[in-house]
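Chain letters run A, B, ... following the sequence lines, proteins first and then strands; every chain starts at 1. Side chains are part of it too, since the values below use all heavy atoms of this structure and drop only hydrogens, waters and symmetry mates.
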Protein chains: 2
Amino acid sequence: MARPKSEDKRNAILDAATRVFAERGLTAAPTSEISKQAGVAEGTLFTYFKTKDDLLNALYREIKLELADAMMSGFPRRKSVRIRLRHVWDGYVNWGVANREKRKVLAQLNVSGMLSKESIEAGSAPFVEMQNTIRDAIERHLLRKGLPIELISKTMAAFAEATMDLIVLKPAMANKYREGGFEIYWAGIARK
Amino acid sequence: MARPKSEDKRNAILDAATRVFAERGLTAAPTSEISKQAGVAEGTLFTYFKTKDDLLNALYREIKLELADAMMSGFPRRKSVRIRLRHVWDGYVNWGVANREKRKVLAQLNVSGMLSKESIEAGSAPFVEMQNTIRDAIERHLLRKGLPIELISKTMAAFAEATMDLIVLKPAMANKYREGGFEIYWAGIARK
DNA sequence: TTTTATACTCTGACTACTCACTCATCTATT
DNA sequence: AATAGATGAGTGAGTAGTCAGAGTATAAAA
């Protein structure tokens with residue numbers, strides 16, 4: 001039934017978009033530059049993504065999925081809360097340091113106001129297991145009393161971001177920062 | 001010496017820019033919309049700011065200065081480290097919650113890559129006293145051993161941001177979040 | 001197996017539009 | 001009178017998205 005779309009071209013466009021967005025910013029990046037770097041015609045970009053907005057949303061979901069994989073794969077379900085959170089933490093920080101462009105684009109997308117509700121929802125779906133871990137920890141009174149659950153996950157993200165910024169600044173200190181960052185975080189939330 | 005520039009017009013432009021940037025994003029916001037909302041002609045904007053980039057940088061400095069004032073005014077130099085940090089924390093969180101648009105624009109500016117080195121430097125200058133407090137605390141071994149100094153200040157910002165997000169989401173919980181946020185932070189960095 | 005029909009993709013020149021910035025003219029201040 | 005600000009229609013550069021014609025992978029027919 002006719003010619004199918006090529007998965008390769010789609011990926012090439014998403015890859016090029018990541019590069020161009022990271023370099024020039026979301027709105028300053030012309031779709032023409034993206035198609036050029038992807039090695040396809042300008043029009044082709046629009047057979048894979050109806051609008052630039054669509055491309056943005058698709059890229060967001062793609063990156064979030066990759067990040068979720070980095071954080072959640074091998075999740076030590078049976079180990080202690082501390083070890084589970086540490087696993088997620090390491091996955092996040094290591095991914096962010098190894099994928100600076102994607103992390104940068106993700107940060108831009110997060111504040112862009114151009115993401116649909118559906119994309120945001122789809123992007124946070126793979127992290128339910130982590131949310132469950134936190135809920136579980138709270139119920140078992142492993143964490144400091146009176147801590148709102150949202151503060152726990154929000155601050156881990158914020159904390160990891162700060163840690164990654166520092167690692168990028170001084171890569172030689174990576175281990176110290178990653179370790180130290182989690183230490184502060186854990187000391188902050190764990191029961192005295 | 002002819003007609004002088006009006007401080008009022010400059011402020012009107014900066015105010016309008018804050019509103020329009022917060023609503024539409026840095027690059028999607030047309031200068032024409034800004035001048036319209038400021039009640040001046042399109043050309044006038046460019047007698048006060050040579051380029052849109054200039055406007056961005058000026059706005060950044062302006063907001064940072066206001067934020068610094070909110071955080072550092074009444075700084076309790078002679079009190080304990082905990083109280084000094086708590087003062088800065090409260091100033092930050094309260095300002096951020098009360099100035100959502102400015103905070104949003106600041107976040108966008110921070111990731112925009114459109115700020116000059118000079119602006120970034122000028123923007124962090126008013127915070128030296130806080131840096132000194134932290135340095136002092138480290139020297140006096142009040143904080144957890146082996147914590148890199150940059151991690152302390154970076155994480156406070158990250159933490160405060162997360163706290164503000166939550167307060168905006170559930171304003172009724174403001175006190176609990178602000179208190180709880182600082183508690184985690186302090187428990188994280190203070191010596192056991 | 002080969003041919004044909006079909007329904008899609010690919011292409012890049014083109015369109016319609018938006019934007020940052022200019023400038024000739026007017027106007028307020030000193 | 002002299003000087004610099006204020007105005008807004010105008011300019012040129014650049015943009016997202018379109019479209020008609022060419023190409024190609026697939027299924028059905030021969």
- Of the nucleotides C:dT30, D:dT3, C:dT9, which one has an atom closest to the side chain of A:Lys5? C:dT9
- Task: Enumerate the residue pairs fulfilling salt bridge (Lys or Arg N to Asp or Glu O under 4.0 Å) with a member in residues 28-38 of chain A, sequence neighbours excluded, ordered by first and then second residue.
- Result: none
- Query: How close or far is atom P of D:dG17 from atom CD1 of A:Ile34, stated in whole angstroms?
  - Reply: 11 Å
- Query: What pairs of residues pass the side chain to side chain donor-acceptor pair (under 3.5 Å) test when at least one of them lies in residues 10-21 of chain B, not counting sequence neighbours?
  - Reply: B:Arg10-B:Glu62, B:Arg19-B:Gln37
- Task: Would you mind reading off the distance between A:Glu33 atom CD and D:dG14 atom C1', rounded to a whole angstrom?
- Result: 13 Å
- Testing C:dT30, C:dC10, D:dT15 for proximity to the side chain of A:Pro30, the answer is D:dT15
- Between C1' of D:dG5 and CD1 of B:Ile13, the distance in whole Å: 12 Å
- Query: Is A:Thr155 reaching over with its side chain to a backbone N or O of A:Ile152, donor-acceptor style, under 3.5 angstrom?
  - Reply: yes
- Item | For atom CZ of A:Phe21 and atom P of D:dA16, their distance in whole Å | 9 Å
- Contact list for DNA chain D against residues 44-55 of chain A - heavy-atom distance below 4.0 Å: A:Phe46, A:Thr51, A:Lys52
- Message: In this structure, how many angstroms lie between the C1' atom of D:dT24 and the CZ atom of A:Arg3, rounded?
- Response: 5 Å
- Query: Atom CZ of B:Arg24 and atom C1' of C:dC19: how far apart are they, to the nearest Å?
  - Reply: 11 Å
- Task: Return the value, rounded to whole Å, for the distance between atom CD of A:Glu42 and atom C1' of C:dT9.
- Result: 17 Å
- Query: Got a sec, which pairs hit ring-ring contact (aromatic ring centres under 6.0 Å, His included) with one end in residues 71-103 of chain B, sequence neighbours left out?
  - Reply: B:Trp89-B:Phe182
Output a table of donor-acceptor pairs, distance under 3.5 Å, between side-chain atoms of residues 42-50 of chain B and any protein atom two or more places apart or on a different chain; print 'none' if there are none.
residue	atom	partner	partner atom	Å
B:Thr47	OG1	B:Thr44	O	3.4
B:Tyr48	OH	B:Ser6	N	2.8

- List for me each residue that meets salt bridge (Lys or Arg N to Asp or Glu O under 4.0 Å) alongside A:Lys154, sequence neighbours excluded, and say none if there are none. B:Asp165
- Give the rounded distance in Å between these two atoms: CG of A:Asp8 and C1' of D:dT24. 16 Å
